[in-house]
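Structure record follows, encoded as structure tokens.
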Number of protein chains: 4
Amino acid sequence: MPNDLDTTPRKQPAQARARATVQAILDATAQVLVEQGYDRATTNVIARRAGVSIGSLYQYFPNKEALVTALAERHMAEMATMLVREVGLLRTRRLPEAIRALIEALLRAHAVEPALHRVLIEQVPRLSGLEQVANMDRMFVELIRRELEQREERLRPGDLELAVFLLVHAVQGITHAAVFECPGALGDGRLAQEITDLVLRYLVAE
Amino acid sequence: MPNDLDTTPRKQPAQARARATVQAILDATAQVLVEQGYDRATTNVIARRAGVSIGSLYQYFPNKEALVTALAERHMAEMATMLVREVGLLRTRRLPEAIRALIEALLRAHAVEPALHRVLIEQVPRLSGLEQVANMDRMFVELIRRELEQREERLRPGDLELAVFLLVHAVQGITHAAVFECPGALGDGRLAQEITDLVLRYLVAE
Amino acid sequence: MPNDLDTTPRKQPAQARARATVQAILDATAQVLVEQGYDRATTNVIARRAGVSIGSLYQYFPNKEALVTALAERHMAEMATMLVREVGLLRTRRLPEAIRALIEALLRAHAVEPALHRVLIEQVPRLSGLEQVANMDRMFVELIRRELEQREERLRPGDLELAVFLLVHAVQGITHAAVFECPGALGDGRLAQEITDLVLRYLVAE
Amino acid sequence: MPNDLDTTPRKQPAQARARATVQAILDATAQVLVEQGYDRATTNVIARRAGVSIGSLYQYFPNKEALVTALAERHMAEMATMLVREVGLLRTRRLPEAIRALIEALLRAHAVEPALHRVLIEQVPRLSGLEQVANMDRMFVELIRRELEQREERLRPGDLELAVFLLVHAVQGITHAAVFECPGALGDGRLAQEITDLVLRYLVAE
DNA sequence: TATGAATGAGAGTTCATTCAT
DNA sequence: TATGAATGAACTCTCATTCAT
């Protein structure tokens, strides 16, 4: 499944007008992607939705893939922003509170644009470099790993590597299912609590 | 994301030769899907790979979507077959053994054609009936729910509905991650053991 | 000026109908090329002129360049056919008659489709591997070289390599000019005679 | 091959700065044409190479064709300048020396920017006024004709019209071949000598 | 019934050119 | 006057699908 297109954006918009155009294009991409899916999201439709000519779109993005990649990166960055705040505080907390806080932050991050997140996850992995979105989740939960290693002796599982693999993907699976099936539940504290329970009971003996 | 095509296969192949043709087409579809990805899997390439003319392909499948749907159904049925055996035995076992057995069966089922499972999950744009694959996993783990309800009083979680949602998607997330990232581990007993631990510790109070 | 497209035809037409289609496409290419020039000869226009859908065109030719290359090859082959007859006889003749015969054959070959030859020469050299047409002329006059080497001692020029370079391109320049400016003169015996004179007076000392 | 664009430059640059801009644009055109070929030489690329905005380019040239035409005219004028010097002296010389001098001048003129000359000849699709380059060569060797008519009685060929046609295109063919295939040879005296031989032996009996 | 040649809507993309700033 | 963002007609090419043989 090679996919060798260059996805680096074509030029940085310098003037304010150009920046607005790029924003409009990315917004339109998100909308059309969510409404129509990847295949039906043609560059011409996106341009029209953005109120911009097709030529303008290609001034800033060398191809469709680059466009979606840029959108994914923007989305990722937004989610990451919501998480970094929390991360700094982890060290200062005891395990249960740390886990709980992380999971709440993760759910909040997924609650921002769940429909877009879904379409990026679901339809876009055919694109090259687009593990980014997946990486997003992964990178984030890599944090769990570091935290856990710090407190290794107090933890139950023998193989911490395996434990992290399990937890990362368990939490991710639950989160994505919530995004897909009942986005409303993302903000519900009970979900966060329950996930925290799942994680903690697995990690800590008794 | 409307998807209004008729995906019912065109005709039931009556003769043995016709059945063989259909099998060949589905096999070719699986191969090309795995090797090239969904977008590059054109109907003409699939027909050639199947050693069949494009016209014959369309004799049995009204469109590409029906073709992929049929493949997904076949794949699903194969996985289901591996699970039903186990299901009958659940009642006769105590919870830990029941869970363990189910999870092992699930992992074995995913180990059969992990690459195909992956491409069906990841790349196939949401086909009309193609939540089927997702449903597959879901339907299967629906069993967990029935089992759990039977033993509700001995379980820790208050909201069993929520608990099942969590476990289903946690296990699914882990399983798919294993399929994607280290298919080899699917047969490894340690993974099954660890997942069982995760589930049991969540379900049962110390 | 790289031009890295694969110009090998896509598939050999097997059925008679397909062979007719390919012929029609090549004929249309020649017509449109002559009437409109290379840039205006779009694949859609060529297909329409051939009375064939654009899809059919691309069944047999992977891209526009391959199409023109195939036409050039066909044209070349036709010209070559007209020359090989003459070539066999060279050995049996004395120098003046040999030269005269060759030049007459060359002029006759250029007289077949001068307008097409012109457009291929003029507009097409931007295409990769399309030195073919130029090669055509070159290859042909390579014969002169071999002939001359056989009779080297009776010839005036000291540096035969240089002499051949001169004559080849002199004759080519004259021929193409005749094609471009007065295609009618190609069949005129006086032109052949005069070119023969030019060549012979240069080659043979009084 | 209609070609109905207006190729007259848009305005004569009056100020020195404007003249410099025009020069820069023409220089850039020549560079890009040589480096990338006609098709890849887009107006935007040329403007950037010239260090000028695309808007400025269109201030001086109404369209791409006018741009290339202007470049061709400049190139032609430069070559012509190198030749006129020689022309004045023709009358004062005897035939062999006159021919030799002309041919040397012609080769020198082609040696100045052979790569540009080649690309203008080869790749530039027939622009409205772009027989100019061809005319260049032609116009120049028109001189030969006048000279020859002056000395008609001492010459061998009966039909001088035809003889001139032959010689003009023979010399042109050789010159262009040298430009294309071994630009180095243009300065080599042996080539000039040999061409002179070819011409003289054709023109003069014994 | 099987074949594969033929179809054509529509996709992505380019680039000469315009025009508001 | 100079800028460069914006334009959009037009291009090449794909691929699911049809239908004459």
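With distances taken from any side-chain atom of D:T43 to the nucleotides E:dA16, F:dA2, E:dG12, the minimum falls on E:dA16. Here F:dC13 is the nucleotide among E:dG12, E:dT18, F:dC13 with the atom lying nearest to any side-chain atom of C:K64. Taking every side-chain heavy atom of A:A18 into account, F:dA5 is the closest of F:dT18, F:dA5, E:dT3. Comparing E:dA5, E:dT18, F:dG4 against the side chain of C:K11 picks out E:dA5 as the nearest. Picking from F:dA2, E:dA2, F:dA6 the nucleotide with the shortest atom distance to the side chain of D:Q59 gives F:dA2. Comparing F:dT1, E:dA2, F:dC11 against the side chain of B:S56 picks out E:dA2 as the nearest.
Remark: the D:Q36 side chain and the D:R49 side chain contain no N/O donor-acceptor pair separated by less than 3.5 Å.
Near DNA chain E, meaning a heavy atom under 4.0 Å from it, residues 46-54 of chain C has C:V52, C:S53, C:I54 in order of number.
With a cut-off of 3.5 Å on both Watson-Crick or G-U wobble distances, the partner of F:dA20 is given as E:dT3.
Taking side-chain N and O atoms only, A:Y58 has no distance below 4.0 Å to OP1 or OP2 of E:dT14. OP1 or OP2 of E:dA6 sits under 4.0 Å from a side-chain N or O of C:T21. At E:dA2, one or more side-chain N or O atoms of B:Y60 fall inside 4.0 Å of OP1 or OP2 (strictly under the cut-off). The phosphate of E:dT14 has OP1 or OP2 within less than 4.0 Å of a side-chain N or O from A:R10.
Across every non-hydrogen atom of B:A70 and B:F61, the tightest pair is CB-CE2, 3.7 Å. Residue B:H75 comes nearest to B:L116 through the heavy atom pair ND1-CD2, 3.9 Å, listed as atom of the first residue, atom of the second, then distance.
In summary, of the residues considered (C:N44, C:L67, C:V22), a side chain to side chain contact (heavy atoms under 4.5 Å, CB included) with C:L57 occurs for C:L67 alone.
B:S56 contributes no side-chain N or O that, together with a main-chain N or O of B:V52, makes up a donor-acceptor pair within less than 3.5 Å. A donor-acceptor pair under 3.5 Å is absent between the side-chain atoms of C:D6 and the main chain of C:P62, judged by distance alone.
Comparing A:G55 and C:A41 by the nucleotide of DNA chain F that holds the closest heavy atom to each, the one mapping nearer the 5' end is A:G55. Of the residues near DNA chain F, B:T42 and C:R17, the one whose nearest nucleotide (by heavy atom distance) lies more toward the 5' end is B:T42.
Rounded to whole Å, the distance from CG on C:N44 to P on E:dT13 is 18 Å. Spacing between atom CD1 of C:I25 and atom P of E:dT7 amounts to 9 Å, rounded to whole angstrom units.
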